[in-house]
Amino acid sequence: MNKITTLALVFTCLVMVGCAGNPQKPVALSQDFYSSGDKTVGVYVDELPVADTHFFGAHCLLCYGAAAIANSSLTSHIQGLSTDDLIGVDESIAKLVSKKGIATNIINAPVDFEELKKFTTQEENFAKQDYRPLRESLGVDKLVVIDFNIVGAHRSYSGYIPTSDPVGAVIGKAYTVDLATNKYILYEEIDVKVSTSGEWDEPPSFPGITNAYYQAIEIAKEKVTALFK
Amino acid sequence: MKIITAFVVLLLSACAQHKYDDYSLHVESEHALDVTVEKLYVDLQINAPVALRGVYDNDNAIKSGNILYDGSAGAGGVVAQILAHAAINSNMKNSKLSKRQIEANKVLEPFQDILKGYTQDALIHDGNDYRFLINDVGNNSSSLILDSYPIFYISQDMRSLILKHVVKIYRYEDESIVYQNLIEVISPVIESDDLIERLRSEQGSLLKNKLKNLYKDSLSLVISDLKGEYKASETQKSFRIYSGEKMRIERGVGVAKKGDMTVIRNLRGWLVSFPYEARNEG
């Protein structure tokens, strides 16, 4: 085996090891979340993404390009939709938590999670970044984070061919970290997809898929707040 | 080759749509129409069976593995393979929807005997602003014809009845369309410990009366819309609508409150009437 082959093999192995991290399993809200009355809970909603279309399964570059062209008018429409209906989730959660006698603090200033250092442990259900410094900087003991990373329309593909009609979609995660231990005391993926009622291909205003979009937003909000009930 | 492929995909995306009969484009009348019982005729296929279906979930997403196209067949061959792939997927999607509808219709099994011979003439009633077209309109060439296509649904928990009424109004003299819409009316929740028994009682008279009332209500909504009574003044928002225990969101604007019913105009321009409940506000 020559040097180049060996290097290529090592590099491939390294990349694959990097990809092989276990996804975080769901963690139901810990029972003691509401029993620690003297702690302050921070509630933070990460920056909302711009509404857009997403094509899953159009793996090759040409397939994705074809999908993007075929759905271009839908994309233009979806990109013009507001995500404002997602605003206020933090207030709803804070209200629910406050009702149980826990002090809450809505965090409005942006938090850059990318800047947090890596956190390594062999134990399960710990955040992969070190959230503990946020305890002092944000002045809270536990941090609820709502992170919507996809808002818009989702369409599945098999190569060039669509395998579904576009659906309204809100995808992300909701989690709570104990800032004393860096442990997740809640972790849930949010994956809401809503089919259009009847026809979907109604350019230029796409009312069916727009309705599904707003329905996905409402369901996502309800799912997130239900975690704290 | 790339251009041909993109072109084929574009074509496919346009032609692979499932056709729904409970759907209508909204055509708004340009100005309020003068509707009177002398002028407006409702054309209902009186001998056709009443269409009653189970509410079904219309998610048609299918699982399809990745596919490799054989490049040795040349550009034409690859295009043919893509077309075949698309045709298979389209069939699978439509077949999934059909299966869901058949599955959903099982909710009607306890009522098969009482629905036998139940035809649309049972929906005929006296209206203040319209009459049913039994023979023809006679010498009245300024008449308006309301083409009526009602489809009823029952929720899977049987607690709610829904009408989706496709309506098209045209001038008798030149067949020009003056109004077209879909009117959806959702019944108040039917309360009973034994819903099958209740809906079946007296040869299904309760069920049939409720369906007829939904039909009457839908025509009343059409008349109000024709008279220009449903002008949107509120801002657009998301309404929570319950059919039995199943909730859906409808984005639209509130246009009226009729008794315990709220009427909204959704993003398609359709009118949706549903019983007001505190939980509608979320």
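Each chain gets a letter, A, B and so on, in the order its sequence line appears, and its residues count up from 1.
For the atom pair CD of A:Q215 and CZ of B:F239, the computed distance is 14.0 Å after rounding to the nearest 0.5 Å. Rounding to the nearest 0.5 Å places OG of B:S24 at 11.0 Å from CD of A:E199.
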Show your reasoning for whether side chain to side chain contact (heavy atoms under 4.5 Å, CB included) applies to A:S197 and B:K164. CA-CA 12 Å; A:S197 170; B:K164 289 186 180 182; 4.3 Å; yes

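By the 4.5 Å heavy-atom criterion applied to side chains, B:R251 and A:D85 are counted as neighbours.
Within 6.0 Å of the NZ atom in A:K99, the count of heavy atoms belonging to other residues, nucleotides or ligands does not exceed 12. By the 6.0 Å contact criterion, CG on A:D32 is enclosed, its count of non-hydrogen atoms from other residues, nucleotides or ligands being greater than 12. Other residues, nucleotides and ligands contribute more than 12 heavy atoms inside 6.0 Å of the NZ atom of A:K100.
Checked by atom type and distance alone, the side chain of A:N211 pairs as donor or acceptor with a backbone atom of B:I249 at under 3.5 Å.
Remark: A:L48 engages A:V45, A:T83, A:L86, A:I87, A:F148 in a side-chain contact (heavy atoms from CB on, under 4.5 Å) (not counting sequence neighbours).
A:G208 and B:R268 make their closest contact through CA-NH2, 3.5 Å (heavy atoms, listed as atom of the first residue, atom of the second, distance). Between B:R240 and A:E218, the shortest heavy-atom distance links the atoms NH2-OE1, 3.1 Å.
There is no side-chain donor-acceptor pair under 3.5 Å between B:Q236 and A:Y214.
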